[in-house]
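Right, one structure below, let's go through it.
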Amino acid sequence: MKTLWTNGSIFTMQSEDSMVEAVLIEKGKIIQIGSKEELLPHADKIISLEGAAMYPGFVDSHIHLIGHGEKLSYLDLSSFTSIEKIMAEVCKKVTPGQWYITEGWNDNQLIDGRFLNKNDLDVIQESPIVLKRICRHVLVANSRAMEIAGITEDTPSPIGGRIGKDEDGRLNGLFFDEAQQLITSHIPPVTSEYLAKVIRLSIEDLHKKGFTGVHTEDMSYYGPYEIPLKAYREVVEDQFKVHLLRHHLVFEQMQEEMSNEFLEFGAMKIFVDGSLGGRTALLSEDYSDKSGTSGVAVHTEEKLGQLVQIARAHNECIAVHVIGDKATELILDKIEKYPAPKGKKDRLIHVNVLRADLIERMHKLPIVLDIQPIFVPSDFPWVKERLGEERMEWAYAWKSLLRAGFECSGGSDSPVESADPFVAIDAAVNNRWNPSQSISIFQALSLYTTGSAKAIGKEFQRGKIAQGFDADFTILNEPLNVDNIQQVFVSKTVVNGKIVYERKI
């Protein structure tokens, strides 16, 4: 059956001003676009947009889908402004003797002006408690959790991580980057049934936000990769498109797993550094607000090279977490030595802090930059103190990167940040914190449409309203402009030609 969508503003994203009157679809594909008069005779069914605005389906190119679902169902610490309030609420949730894990605390908005530590958490002594920082690169554990994990003051910090200690050399309960696994490896594993419930909750919420798909990486945090993968296979059918990056720890194990149109497997995911908030993002010079600290390298250079070679041996690209300029420098060294497979592009995720010489090197490589505009309102103004004025020229430089001709995709990094695309688009277009880096509505929308498609090599299949492309649409009550971004709402979300969400008025 051929269905005609018409009677609204249809933005194809093929160019900035490209619009059509009607879209004809069949079997999940766009078979023709054009005028209503031209296409009406071919339609078996007509759906009126009733004046609404249709865009290609929004895709979040960097989200933790399971983590997003968990955030919807647990105590979210990101809104709290004091350690006292955090612990008061945590105490209400704890079951005596059982592990309690949640996340979201942000020292940059706490009136206490510091990280949490084990002394704060030790008001609870019977239960092991783990509270992850909003960036997910730092956690704090209470004494009971460290006791179960066998952590003592003599436990060495692992490569790529650090066990926190106070000025007297005593454990303070903080674990940075790879050191977090010393604690998290002792948390009882979840079941695929639990994860299936969380994935359903997450997808339902993302439908409401206008998303038709996501790129996520969840394969090494919930026990053997088969556990989360079983949950994904159970839940993801024909109403959402999930592109799964494969963490380097499970990349080779997953080579025999078969993709389909709605659940597909992509690049090897590698972490090179941590976060600016936790001062573990790897910088080429010390943090401006903490002399002697320049961040954490998750891997040795030798190990980093080995990982890239493994990906290349399987004819695959890499998707790399790099926030600091030194982290980007390290991975560029490896990409230049071990180039991406012909026809594929590597992905650099975040690229918050760059340098002019890195920009020049990046121009010569087949890469996509996966950026998160929503980081700007979260990280400013404190990030200026972290970096200093001299490093700000190529920090959070979205407009400069686009102007330089880089292909960019856009994501939220939820649950680290809000998954609301309009908050992110507003941060990108109406950049109150870094106005010189404000981008246009079209550029911002491109991050979630054409950009997300390019990041996974699907630019001739997704991200535009064009003949032969997937019939995935995000329909808003009115066209986006610079003044209404946070007032618009999603009227319908369409995946594979089917309405998967419709706002009830």
Side-chain angles (χ1 to χ4, degrees), residues 63-149 151 164 166 171-176 179-180 182-184 186-190 194-195 197-202 204-206 208-209 221-222 275 277-278 374-375 377-379 382 412-420 423:
I63 193 172
H64 305 276
L65 186 66
I66 292 175
H68 178 71
E70 289 183 312
K71 185 177 182 178
L72 296 171
S73 57
Y74 63 36
L75 177 64
D76 178 9
L77 305 180
S78 64
S79 63
F80 293 109
T81 57
S82 75
I83 293 174
E84 180 182 8
K85 182 62 175 177
I86 287 174
M87 293 313 303
E89 293 301 315
V90 168
C91 287
K92 296 176 184 178
K93 300 287 186 179
V94 174
T95 300
Q98 295 185 15
W99 283 83
Y100 182 77
I101 305 99
T102 191
E103 63 185 273
W105 60 271
N106 184 354
D107 49 290
N108 291 303
Q109 68 182 31
L110 297 178
I111 59 173
D112 310 81
R114 63 173 176 85
F115 280 16
L116 280 80
N117 59 49
K118 77 174 182 62
N119 295 329
D120 301 314
L121 275 61
D122 278 351
V123 295
I124 303 168
Q125 296 186 355
E126 294 182 4
S127 300
I129 308 298
V130 175
L131 306 181
K132 300 177 184 179
R133 191 183 183 277
I134 191 168
C135 63
R136 286 189 154 190
H137 288 271
V138 185
L139 66 77
V140 60
N142 70 347
S143 293
R144 179 59 180 146
M146 288 192 287
E147 179 186 350
I148 292 172
I151 305 296
D166 62 23
L171 295 169
N172 61 15
L174 290 164
F175 293 79
F176 297 82
Q180 295 179 101
L182 299 174
I183 297 292
T184 58
H186 293 272
I187 297 173
V190 297
Y194 162 79
L195 293 177
K197 179 180 178 181
V198 169
I199 292 169
R200 286 192 186 95
L201 183 66
S202 187
E204 180 182 334
D205 180 70
L206 293 170
K208 293 176 183 177
K209 290 177 167 59
Y221 310 109
Y222 306 96
S275 71
I374 202 167
F375 281 3
S378 293
D379 294 0
W382 61 260
S412 64
D413 206 9
S414 179
V416 173
E417 301 284 356
S418 166
D420 188 332
V423 175

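Just so you know, these numbers use all the heavy atoms, side chains as well, and skip hydrogens, waters and symmetry mates. Please read these numbers as outputs of a predicted model, since none were measured by experiment.
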Heavy-atom closest pair, residues [X] and [Y]:
{"X": "Lys209", "Y": "Asp420", "result": "CE-N, 3.9 Å"}
{"X": "Gly278", "Y": "Ser275", "result": "N-OG, 3.1 Å"}
{"X": "Gly67", "Y": "Tyr74", "result": "O-OH, 4.5 Å"}
{"X": "Asp166", "Y": "Asn172", "result": "N-ND2, 4.0 Å"}
{"X": "Leu201", "Y": "Gly69", "result": "CD2-O, 3.5 Å"}

Is the closest basic N to carboxylate O distance between [X] and [Y] below 4.0 Å?
{"X": "Asp120", "Y": "Arg114", "value": "yes"}
{"X": "Lys85", "Y": "Glu89", "value": "yes"}
{"X": "Arg136", "Y": "Glu103", "value": "yes"}
{"X": "Arg133", "Y": "Asp107", "value": "yes"}

Is there a side-chain contact between [X] and [Y] in this structure, where contact means two heavy atoms from C-beta onward sitting under 4.5 Å apart?
{"X": "Glu70", "Y": "Tyr194", "value": "yes"}
{"X": "Tyr100", "Y": "Leu75", "value": "yes"}
{"X": "Ser78", "Y": "Asn106", "value": "no"}
{"X": "Ile66", "Y": "Tyr222", "value": "yes"}
{"X": "Arg144", "Y": "Ile148", "value": "yes"}
{"X": "Phe175", "Y": "Val138", "value": "no"}
{"X": "Leu206", "Y": "Ile63", "value": "yes"}
{"X": "Lys71", "Y": "Asp76", "value": "yes"}

Before giving the answer on side-chain hydrogen bond (donor to acceptor under 3.5 Å, both in side chains), spell out for Ser143 and Gln125 the whole-Å C-alpha distance, their side-chain angles and the decisive distance to 0.1 Å. CA-CA 7 Å; Ser143 293; Gln125 296 186 355; over 6 Å; no

Applying side chain to side chain donor-acceptor pair (under 3.5 Å), can you list everything that pairs with Ser202, at least two apart in sequence or on another chain?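 Partners of Ser202 by the side chain to side chain donor-acceptor pair (under 3.5 Å) criterion come out as none, since no residue qualifies.
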
Taking atom [atom1] of [X] and atom [atom2] of [Y], what is their separation to the nearest 0.5 Å?
{"X": "Ile124", "Y": "Asn142", "atom1": "CD1", "atom2": "CG", "value": "7.0 Å"}
{"X": "Phe375", "Y": "Cys135", "atom1": "CZ", "atom2": "SG", "value": "9.5 Å"}
{"X": "Ile129", "Y": "Thr102", "atom1": "CD1", "atom2": "OG1", "value": "10.5 Å"}

Is the backbone N or O of [Y] less than 3.5 Å from a side-chain atom of [X], with the two atoms forming a donor-acceptor pair by type?
{"X": "Ser127", "Y": "Gly97", "result": "yes"}
{"X": "Trp105", "Y": "Ile86", "result": "no"}
{"X": "Asp413", "Y": "Val416", "result": "no"}
{"X": "Asp112", "Y": "Ile83", "result": "yes"}

So, using ring-ring contact (aromatic ring centres under 6.0 Å, His included) as the criterion, who are the partners of His64 when residues are at least two apart?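 Partners of His64 under the ring-ring contact (aromatic ring centres under 6.0 Å, His included) test: His62.
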
